Each structure stands twice: as structure tokens, then as C-alpha cells.
There are 2 protein chains.
Amino acid sequence: MLSPTPIRVEPLRTACSSCNLRELCLPLGLSESDMTRLDGVINQRRTVARGQTLFRVGEEFHALYAVRTGFFKTCVNAEDGRVQVTGFQMAGELLGLDGIGSHRHTVDAEALEDSQVCVLPFDELEHLAREFTALQHQLHRIMSREIVRDHGVMLLLGSMRAEERLAAFLLNLTQRLQARGYSASELVLRMTREEIGSYLGLKLETVSRTFSRFQDEGILEVKQRQITVLEPDALQRLVSSAAC
Amino acid sequence: MLSPTPIRVEPLRTACSSCNLRELCLPLGLSESDMTRLDGVINQRRTVARGQTLFRVGEEFHALYAVRTGFFKTCVNAEDGRVQVTGFQMAGELLGLDGIGSHRHTVDAEALEDSQVCVLPFDELEHLAREFTALQHQLHRIMSREIVRDHGVMLLLGSMRAEERLAAFLLNLTQRLQARGYSASELVLRMTREEIGSYLGLKLETVSRTFSRFQDEGILEVKQRQITVLEPDALQRLVSSAAC
DNA sequence: CGTCTCCTTGAGGTTGGTCAAACCAGGTGG
DNA sequence: CCACCTGGTTTGACCAACCTCAAGGAGACG
């Protein structure tokens with residue numbers, strides 16, 4: 001007796017050309033035909049459960065990853081065990097750029113919630129980038145923007161006080177969420193206080209206290225990881241205010 | 001009466017293919033013939049006097065710059081006037097990667113001593129990168145390494161104490177100088193205490209005090225900007241020691 | 001020789017870190 | 001259903017690292 005053929009409909013492969021993230025992700029600015037060719041090399045997805053790593057420091061670098069759904073953090077490790085969160089990545093953002101230079105990953109990328117990524121084999125991406133200019137531009141743009149982002153974090157770490165850091169962090173998050181169609185005032189943090197602290201160069205207690213202070217001042221409503229921004233302008237004023 | 005034609009010998013154009021920095025700079029890994037083609041697009045130098053800027057935030061981005069001689073710093077400016085030094089660049093290193101993403105420079109690049117740079121028009125570089133793989137790879141490698149470097153600075157700013165930061169800074173400098181044929185133990189700082197402080201997220205007084213402490217401990221000899229590293233291992237131990 | 005910039009050093013203050021206790025939400029198992 | 005556990009969070013008290021302010025010194029240069 002034949003087992004019944006599975007009825008499960010094979011989901012239509014979500015190609016770049018029909019992906020709802022294409023305005024945020026690598027395909028931005030590509031023509032229809034370019035995008036179709038890009039679809040050709042991006043034919044693999046990976047699912048990463050919350051708490052699992054997409055890649056780790058030292059692993060061989062083969063591909064970039066575009067976040068389709070979910071949320072990641074990246075960390076560098078110091079020799080002595082100290083850890084620094086270098087970024088949080090959400091839908092449409094790329095992971096793995098750090099690995100290009102040495103053919104090895106230099107950060108750990110860990111999913112903070114169940115996530116899915118598109119695998120972009122880097123050799124094929126480079127090959128394609130030689131063939132059509134728009135992809136080459138976009139790749140360069142993305143790398144350059146990552147450098148600019150890092151400079152912003154350096155400014156934050158090098159010269160802001162705790163309140164300013166947290167304000168800048170929250171504004172950045174809400175802006176990115178807004179670009180993805182979410183509310184600019186309601187957000188659910190995917191990361192712990194400790195992870196926020198590591199990113200901002202603060203201890204978790206300081207992060208917690210600063211959240212409480214913002215709540216006391218009526219700038220935020222904080223219910224654990226559920227944050228409501230009541231006074232976005234107050235946050236904005238904090239990040240653009242003189243150091244004292 | 002004709003003024004005498006100037007006898008000034010036109011100096012032989014130093015091409016990438018015959019540049020003594022080619023093992024540190026963009027041409028690394030290119031074949032003879034590739035390098036000759038690269039020479040074709042790199043036909044302009046700029047001299048930047050000490051204290052002058054090579055480019056400033058907001059200026060249109062046209063080219064990358066490779067430092068031939070001299071020394072630069074790059075700074076980002078916060079809205080409120082705060083400044084953060086994001087890097088120091090020496091011979092063979094590239095300036096301007098930050099501008100690719102937005103077609104505008106996002107940092108100021110200022111010469112800390114009389115300097116000369118090679119102008120690498122970016123359009124032509126991209127064009128060439130589409131034609132030969134080695135250049136494409138090298139460009140990606142350089143951008144990726146800049147990202148990795150930035151992550152290192154984040155780690156430093158986010159989780160190291162003053163002594164560790166200064167030790168890491170000095171080790172980094174001596175390593176880069178050594179790669180350029182200079183002594184690993186004798187160095188002349190091109191930047192002020194304030195600029196070091198800005199880079200390391202410290203105030204100039206703290207930098208000065210930390211130098212003094214290193215001197216008291218016999219790790220360094222400090223005569224203003226003239227530094228002698230007496231105990232490189234002690235510095236190394238500082239950067240790789242646990243936070244406490 | 002005076003001026004300027006940069007550097008050093010001291011005294012005292014503040015921010016954020018450390019340590020410790022208690023709280024909370026969610027999950028597990030009796 | 002409740003007791004219990006766990007990981008994460010909040011809050012307090014105290015402390016240390018670094019900052020601020022201030023004064024003086026060292027070199028470079030006209």
C-alpha cells in the first residue's frame with residue numbers, strides 16, 4: 001500500500017524579487033532582471049532557533065546572511081572572556097560582513113528569537129557583482145554604511161553618558177522598527193538588560209536604573225521588555241544635547 | 001626676454017606597481033598586469049599640510065585616498081559639538097570608505113603632519129573591480145577589515161579600563177609601525193593627549209596620568225611625545241588580562 | 001623674551017560600577 | 001492548584017575610576 005503523497009503544499013520559494021523586504025535589503029535598487037539573476041544564487045534558507053548561533057568566531061566564512069524574520073545579536077570576545085555586543089540585527093539587515101577580510105567569522109551571531117535567514121554565498125555574490133553594477137554598488141553601500149554605523153557607536157561609547165546612550169539606542173531601534181512598518185512608540189525588546197548594557201558599554205544595573213529614571217520622568221513606560229515611548233522628543237533632546 | 005624654462009626635473013610618477021607601500025596598500029595581491037591597469041586610474045596626488053583637512057563631513061564623495069606619507073586622524077561630530085576621533089591612519093592605509101554609502105563624507109580627515117595621499121577615483125576603481133577579481137577581493141577585504149577594526153575599538157571603549165585602553169592603543173600603533181619597518185619600541189606620537197583621549201574615550205588628563213603611571217612602573221619611557229616601550233609584555237598582559 | 005600650545009599634577013566631585021537582597025513572570029512538577 | 005525554581009529585573013548602599021577644575025611647567029617659535 002502506498003503511503004499517501006504528502007499534501008503539504010510546497011510554499012512558493014520567496015525570491016528576492018517578491019520579498020517584502022527588498023526595499024530594505026540587498027536587492028534595493030536592482031532592476032527586475034538583475035533581481036531575477038540574484039534570485040538564482042539565493043536559494044537557501046536557514047532557520048536558527050532562539051539561543052542558537054548562526055555562526056561563531058573562527059568558523060570559515062562562506063556566505064553573508066540576510067535576516068528574513070527574527071532578531072540577532074553579534075558579539076566579539078576578548079582574550080580574557082569579556083564580551084562586547086557589537087550590534088543587533090533585524091529583518092532586512094545583513095550578517096557576516098566581518099568575515100570577508102579574513103575568510104573567517106570574527107563575531108558570534110546569535111538569534112535572540114526564532115529566526116530565519118537567507119544564505120548569500122559570497123563567491124557567487126562577488127561574481128554577480130562583477131556582472132551588474134547595481135549589485136556592486138549596493139554591496140559597497142551596505143559595507144560602507146556598516147562602517148558609518150560603527151563610527152556612531154564609537155561616538156556613543158566614547159563620549160556619551162548613560163542616559164544619552166540609552167536614549168540613542170531606543171531612538172535607533174524605534175526608527176528601524178518604524179522603517180519596517182511597526183509602531184514608533186511601542187516596542188518589545190528582544191534582548192536582556194545585560195545585552196543592552198554590553199552594547200552600550202554599561203552594566204545591566206545601570207541600564208535598569210536608567211529605564212526607571214526615564215519612566216519616572218514620564219519619557220517611557222517600562223513593563224519589563226515592553227516599552228512605550230511617551231516623549232520621543234525628550235529622547236531626541238538627550239542625544240543631541242551638550243554633554244552637560 | 002623669455003623667462004627661463006623651469007629646470008625642475010619632473011619627478012618620476014610613483015606608480016602603484018613600483019610603490020614601496022604596495023604590500024600594505026590597495027595593490028596587495030594584484031598581478032603585474034593588474035597593477036599596471038591600476039596605475040592607469042591612480043594618477044593624482046594630493047599634499048595636505050599639517051592641520052589641514054583632506055575632506056570634511058558633508059563634502060561630496062568622489063574618491064578614496066591612500067596615505068603615501070604622513071599621518072591622519074578621522075573624526076565624527078555629534079550634533080552638540082562633541083567630537084570623537086574614530087581612527088588614525090598611516091602610510092598604506094585608506095581614507096574615505098565611510099563616504100561610499102551616502103556619496104558624502106561622514107568624517108573629517110585631518111593631517112596630523114605634512115602628508116601626501118594618492119587619489120583613487122571611486123567610479124574608476126569600481127569599474128576596474130568589475131574587470132579583475134583580485135582588485136574586487138582586495139577592496140572587499142579592506143572594507144571588511146575596517147569593520148573588524150571598528151569592532152575592536154567598540155570592545156575597547158565598551159569594556160576596558162583606562163590602562164587597558166592605552167596599552168591596547170600603544171600596542172596597535174607599534175605593530176603598525178613595525179609592519180612599516182620602524183622600531184617596535186621607539187615611537188613618536190603624532191597626536192596630542194587630547195586626540196588620544198578622544199579616540200580612547202578618555203579625558204586628556206587621564207591619558208597623561210596613565211602615561212605617567214606606565215613610566216613609574218617601568219613599562220614606558222615618556223618624554224612628551226617620544227615614547228620608548230621598555231616592557232611590551234607588560235602592555236600585552238594588560239590588554240589580555242581579566243577586567244579585574 | 002613673551003606667547004602659545006601642549007602636557008603634567010593635584011584636590012575634590014560625580015557617574016557608573018560592585019555587591020547584595022528582593023522581586024517578578026513564566027515554567028515545572030508534585 | 002500551588003509550591004517551587006529559574007532567569008531576568010529592580011533597587012539600595014557603598015565605592016572606585018574617571019572627570020572637572022585649577023595651577024604650574026616644558027618646548028617651540030616669532
Side-chain angles (χ1 to χ4, degrees), chain A residues 50-51 71 73 82-85 110 112-113 156-170 188-217 220-227 238 241-244, chain B residues 49-51 71 73 82-85 110 112-114 156-167 169-170 187-217 220-227 238 241-244:
Chain A
R50 178 180 164 175
F71 203 87
K73 70 168 178 182
R82 265 176 291 190
V83 174
Q84 171 79 24
V85 173
E110 181 184 329
L112 296 183
E113 57 182 13
L156 180 148
L157 291 172
S159 61
M160 290 188 178
R161 357 223 287 40
E163 289 196 347
E164 299 167 333
R165 293 185 198 194
L166 190 61
F169 170 72
L170 290 171
V188 177
L189 299 175
R190 254 68 232 215
M191 67 296 273
T192 67
R193 302 290 191 255
E194 185 169 16
E195 285 160 340
I196 297 173
S198 172
Y199 182 59
L200 298 179
L202 301 169
K203 294 289 146 179
L204 72 98
E205 294 95 330
T206 305
V207 175
S208 177
R209 273 186 249 270
T210 309
F211 269 126
S212 300
R213 192 159 344 135
F214 283 170
Q215 177 154 267
D216 293 347
E217 290 168 358
L220 301 179
E221 199 180 315
V222 183
K223 283 211 200 84
Q224 305 281 120
R225 301 199 180 178
Q226 181 85 40
I227 308 289
L238 266 171
S241 73
C244 172
Chain B
R50 180 182 161 172
F71 203 86
K73 70 168 178 182
R82 264 177 292 190
V83 174
Q84 171 80 24
V85 172
E110 180 184 328
L112 297 183
E113 58 182 11
D114 293 349
L156 179 148
L157 290 171
S159 61
M160 289 189 179
R161 358 218 289 48
E163 289 196 347
E164 299 167 333
R165 293 184 197 193
L166 190 61
F169 171 72
L170 290 171
L187 69 156
V188 177
L189 300 174
R190 255 66 231 215
M191 68 295 275
T192 67
R193 301 290 191 257
E194 186 169 15
E195 286 159 340
I196 296 173
S198 172
Y199 182 60
L200 299 179
L202 302 169
K203 293 290 147 181
L204 70 97
E205 294 95 329
T206 305
V207 174
S208 178
R209 274 186 248 270
T210 309
F211 268 126
S212 299
R213 194 163 338 138
F214 283 170
Q215 176 154 264
D216 292 348
E217 292 168 356
L220 300 180
E221 198 179 317
V222 183
K223 283 209 200 84
Q224 305 280 120
R225 301 197 181 179
Q226 181 82 42
I227 308 289
L238 267 171
S241 73
C244 170

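In what follows, chains are A, B, ... by sequence order, proteins preceding strands, each numbered from 1. Since we're looking at a predicted model, the values are computed, not measured.
- The nearest pair of heavy atoms linking A:Gln84 to A:Tyr199 is NE2-O, 3.5 Å.
- Between C:dC6 and B:Arg225, no contact under 4.0 Å exists linking OP1 or OP2 to a side-chain N or O.
- Residue-level contact check: A:Ser208 touches the bases, meaning some heavy atom is under 4.0 Å from a base atom.
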List, with names and distances, any nitrogen or oxygen atoms from the protein found under 3.5 Å away from nitrogen or oxygen atoms belonging to nucleotides 28-30 of chain D.
none

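- Judged purely by atom type and a 3.5 angstrom limit, A:Arg165 uses its side chain to pair as donor or acceptor with the backbone of A:Leu157.
- Within the 4.5 Å cutoff, the side chain of A:Phe214 has no heavy atoms near those of the A:Val222 side chain.
- Among residues two or more places apart in sequence or in another chain, the side-chain hydrogen bond (donor to acceptor under 3.5 Å, both in side chains) test is passed with B:Glu113 by B:Arg190.
- By the 6.0 Å contact criterion, CZ on A:Arg50 is open, its count of non-hydrogen atoms from other residues, nucleotides or ligands being 12 or less.
- Rounded to a whole Å, the CG atom of B:Leu166 is 13 Å from the P atom of C:dC7.
- Whole-Å rounding puts the B:Ile196 CD1 to C:dC6 P distance at 13 Å.
- Counting heavy-atom neighbours within 6.0 Å of B:Glu194 CD, excluding the residue itself, gives a total of 12 or less.
- By the 4.5 Å heavy-atom criterion applied to side chains, B:Val207 and B:Phe169 are not counted as neighbours.
- Distance A:Gln226 CD to D:dG8 P: 19 Å, rounded to the nearest Å.
- Distance check, rounded to the nearest 0.5 Å: CD of B:Glu164 to OG1 of B:Thr210 gives 11.0 Å.
- The CD-P distance, from B:Gln215 to C:dC7, rounds to 15 Å in whole Å.
- Rounded to whole angstrom, the span from the CZ atom of B:Arg190 across to the P atom of C:dC7 amounts to 13 Å.
- Side-chain contact between B:Val188 and B:Phe71 is absent, with no heavy-atom pair separated by less than 4.5 Å.
- We find the CG-CZ distance between A:Leu166 and A:Arg209 to be 13.5 Å, quoted to the nearest 0.5 Å.
- For the helix from C:dC1-D:dG30 to C:dG30-D:dC1, the terminal axes (five pairs an end, C1' atoms, rotation from four pairs onto the next four) enclose an angle of 30°, given to 10 degrees.
- Within the model, atoms CG of B:Leu170 and CD1 of B:Ile196 stand 7.5 Å from one another, a figure rounded to the nearest 0.5 Å.
- Whole-Å rounding puts the B:Leu200 CG to D:dC19 C1' distance at 16 Å.
- Rounded to whole Å, the distance from CD on B:Glu221 to P on C:dT8 is 13 Å.
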What is the per-nucleotide protein-contact pattern of nucleotides 14-21 of chain C, from the 5' end, where B denotes a base atom under 4.0 Å from a protein heavy atom, S denotes such proximity for sugar-phosphate atoms only, and - denotes neither?
--SSBB--
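- Looking at heavy atoms from C-beta onward, A:Glu195 lies in side-chain contact with A:Leu112 at the 4.5 angstrom threshold.
- Contacts of A:Glu221 classified as side-chain hydrogen bond (donor to acceptor under 3.5 Å, both in side chains), with partners at least two apart in sequence or in another chain: A:Lys223.
- Backbone-only engagement by A:Thr192 is indicated by non-hydrogen atom pairs under 4.0 Å involving sugar-phosphate atoms exclusively.
- With hydrogens and angles disregarded, no donor-acceptor distance shorter than 3.5 Å links the side chain of A:Ser208 to the backbone of A:Leu204.
- The distance between atom CZ of B:Phe211 and atom P of C:dC6, rounded to the nearest whole Å, is 16 Å.
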Shorter than 3.5 Å, N or O on both sides, protein versus nucleotides 23-27 of chain D: list them out with atom names.
none

